[in-house]
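Worksheet: the structure to be examined is printed underneath.
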Amino acid sequence: MDISVLEKLEKLSHLRIAEEKREEVLEQLSEILAYVENLKELDTEKLDSYFSTLDGGTPLREDLPLNDPEVPKIILEHAPEARDDFFIVPAIIE
């Protein structure tokens, strides 16, 4: 990883990296690339595409709505202005 690659990445991403941060960013990108190179050494040929370290797959929780009538009241208490369970906002169209 060198400054020319960093400049290409800046151009492609439409980002500008401050001059004083360039060396730090180059070091971080080099560390990321080294990590990815380490991952390439792992033998994954015998693993199924749906391999998981969890028995039975990813645990899921039941998706139940929370029906607590106090939640809207608490939220509206922190609003700059509220009336009849609604936020009052400044008019933007006359």
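Note that these values count all heavy atoms, side chains included, but never hydrogens, waters or copies made by symmetry.
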Quiz item: Listed by chain and number, what are the side chain to side chain contact (heavy atoms under 4.5 Å, CB included) partners of Glu24, not counting sequence neighbours?
Solution: Lys21, Gln28

Could you give the side-chain donor-acceptor pairs of residues 33-43 under 3.5 Å, partners two or more places apart or in another chain?
from, atom 1, to, atom 2, distance (Å)
Glu37, OE2, Lys40, NZ, 3.3
Asp43, OD1, Glu45, N, 3.3

Quiz prompt | For Val89, side chain to side chain contact (heavy atoms under 4.5 Å, CB included) partners two or more places apart | solution = none

Quiz item: Which residue pairs pass the side-chain hydrogen bond (donor to acceptor under 3.5 Å, both in side chains) test with at least one member in residues 7-17, sequence neighbours excluded?
Solution: Glu10-Arg22

Exercise. Mind checking side chain to side chain contact (heavy atoms under 4.5 Å, CB included) for Asp2 and listing every partner two or more places apart, or none if nothing turns up?
Key: Ser4, Val5

Which pairs would a plain distance check flag for residues 62-69, meaning a side-chain donor or acceptor within less than 3.5 Å of a matching protein atom at least two apart in sequence or in another chain?
from, atom 1, to, atom 2, distance (Å)
Asp68, OD1, Glu70, N, 3.0

Quiz item: Linking Ile, Leu, Val, Met, Phe, Trp and Tyr through side-chain heavy atoms less than 4.5 Å apart, which residues share a cluster with Ile92?
Solution: Ile93

Exercise. Just grab all the side-chain hydrogen bond (donor to acceptor under 3.5 Å, both in side chains) pairs involving residues 75-86, residues at least two apart or on different chains.
Key: none

Self-check item: Nearest-0.5 Å distance that lies between atom CD1 in Ile17 and atom CG in Leu6
Solution: 4.0 Å

Quiz prompt | Linked hydrophobic residues, Val71 as query - side chain contacts closer than 4.5 Å | solution = Ile75, Leu76, Phe87

Quiz prompt | Qualifying residues under side chain to side chain contact (heavy atoms under 4.5 Å, CB included), relative to Glu27, sequence neighbours excluded | solution = none

